Every structure is written in structure tokens, then in C-alpha cells.
Amino acid sequence: MIKLNGTSPEMIANNLRPFEPTHPGELIKDELEVRHLTQASLAESIGVRPSVINEIIKGKRGVNTEMALMLEAALDIPAEMLLSLQSDYNMQIAKADSSFMRRLSLIRKIAAAL
């Protein structure tokens, strides 16, 4: 790993990653608690099954564009923020998968030889 001015790249603030990635469901859970709302009431207000909201909150289901827009309408949380959190979460999970990272390394080697 190349050091810049004696500093390892992973120690530079812009390159730091949280220990645990943050799923957008955590933000939604906190927002429901602050507003004293239930998962069921949120689900009803946006027209989905309560299990869908529960799976998002537990990090078992991702937030797609349509869901982000519905949550924005119901909770006034910008859809872009929810989608950005989901994208960051997905990226961190993928990068933590050593098998997938080996596969990427192999792809890069093949691509470099072309």
C-alpha cells in the first residue's frame, strides 16, 4: 500500500469507512421512535404490508427508488438521502465480502491483460 506523506491511505479521513455500515432502516426506525409512530401505521400510510417496513428496519430488505419516494412523502426524509445510505451500505457489504473481492481482483487482472 502506498503511503502519502508517511500516512497510509486507509487512515486519511476521506477514506475511512464506518465499522458497521448504516442501513437506511436504522434512520427510519429512529424517525418512527421520535415521532411516536408504529411500523404498522407507516406501512398503512404508504400502502405496504407491515412486514415490508419491518424487513427494511431490520436491514433484511433494501430501499429502492419507489420505496424511498414513498418514505419521503410520509416522513419527509429526502429520497436521495435514503438511496445514498442504501448505496453506501451495499458498497460496504460488497467490499467486506472477501470472495467477491477476490473475484474483482481476478477481473482486474484479466482486464489489464487485454
Side-chain angles (χ1 to χ4, degrees):
M1 192 151 303
I2 300 172
K3 290 188 175 192
L4 305 172
N5 299 326
T7 303
S8 178
E10 61 267 359
M11 296 308 294
I12 297 172
N14 289 341
N15 296 334
L16 294 176
R17 287 187 303 234
F19 180 71
E20 290 267 336
T22 303
H23 190 277
E26 293 181 46
L27 175 63
I28 296 163
K29 178 184 177 194
D30 291 345
E31 194 65 30
L32 291 177
E33 288 175 5
V34 167
R35 295 176 186 219
H36 305 290
L37 296 173
T38 65
Q39 293 178 26
S41 66
L42 174 60
E44 183 179 342
S45 73
I46 64 174
V48 300
R49 293 183 325 274
S51 61
V52 171
I53 299 301
N54 185 263
E55 289 171 0
I56 291 171
I57 286 174
K58 291 185 177 229
K60 295 179 179 181
R61 179 188 290 250
V63 173
N64 62 22
T65 303
E66 291 82 7
M67 180 59 69
L69 288 168
M70 290 188 289
L71 291 167
E72 178 181 63
L75 299 174
D76 202 30
I77 300 171
E80 292 84 2
M81 181 193 312
L82 294 170
L83 291 172
S84 179
L85 274 173
Q86 185 67 56
S87 179
D88 291 347
Y89 177 84
N90 293 348
M91 187 72 71
Q92 289 180 43
I93 293 299
K95 287 181 176 181
D97 181 342
S98 59
S99 174
F100 180 70
M101 293 308 289
R102 283 192 299 274
R103 183 175 176 195
L104 284 183
S105 178
L106 179 59
I107 292 168
R108 287 185 181 108
K109 288 178 186 175
I110 293 168
L114 296 178

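Everything numeric in this text was worked out from a predicted model, so none of it was measured. We count residues from 1, following the sequence as given.
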Give, for atom [atom1] of [X] and atom [atom2] of [Y], the distance between the pair rounded to the nearest 0.5 Å.
X	Y	atom1	atom2	value
I53	L42	CD1	CG	4.0 Å
D97	Q92	CG	CD	14.0 Å
R108	L106	CZ	CG	11.0 Å
S105	K109	OG	NZ	4.5 Å
L85	E26	CG	CD	9.0 Å
E33	R35	CD	CZ	13.0 Å

How far apart are the closest heavy atoms of F100 and A94, and which atoms are they?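 Scanning both residues completely, I find the closest heavy atoms to be CD2-O, 3.7 Å.
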
Minimum heavy-atom distance between G59 and Y89, given as atom pair plus value: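 For G59 and Y89, the tightest heavy-atom pair comes out as O-OH, 4.3 Å.
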
hydrophobic_cluster_shared for [Y] and [X], side chain cutoff 4.5 Å:
X	Y	result
V48	I57	yes
L104	I93	no
I46	L83	no

Distance-only check: which donor-acceptor pairs under 3.5 Å involve side-chain atoms of residues 62-82, not counting sequence neighbours?
from: N64; atom 1: OD1; to: E66; atom 2: N; distance (Å): 3.3
from: N64; atom 1: OD1; to: M67; atom 2: N; distance (Å): 2.8
from: E72; atom 1: OE2; to: A79; atom 2: N; distance (Å): 3.1

Would you mind checking if R61 and E55 are paired as a salt bridge, meaning a charged N to carboxylate O distance below 4.0 Å?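 Here E55 pairs with R61 in a salt bridge, since their nearest N and O are under 4.0 Å apart.
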
Is the closest side-chain donor-acceptor distance between N90 and Q86 under 3.5 Å?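 Side-chain D/A pair, N90 to Q86: present.
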
Decide whether S87 and S84 meet the rule of one side-chain donor and one side-chain acceptor closer than 3.5 Å.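 There is no such pair (donor and acceptor under 3.5 Å, judged by atom type) between the side chains of S87 and S84.
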
Heavy-atom neighbours of M101 CE exceed 12 at 6.0 Å: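 Check passes, neighbour count above 12.
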
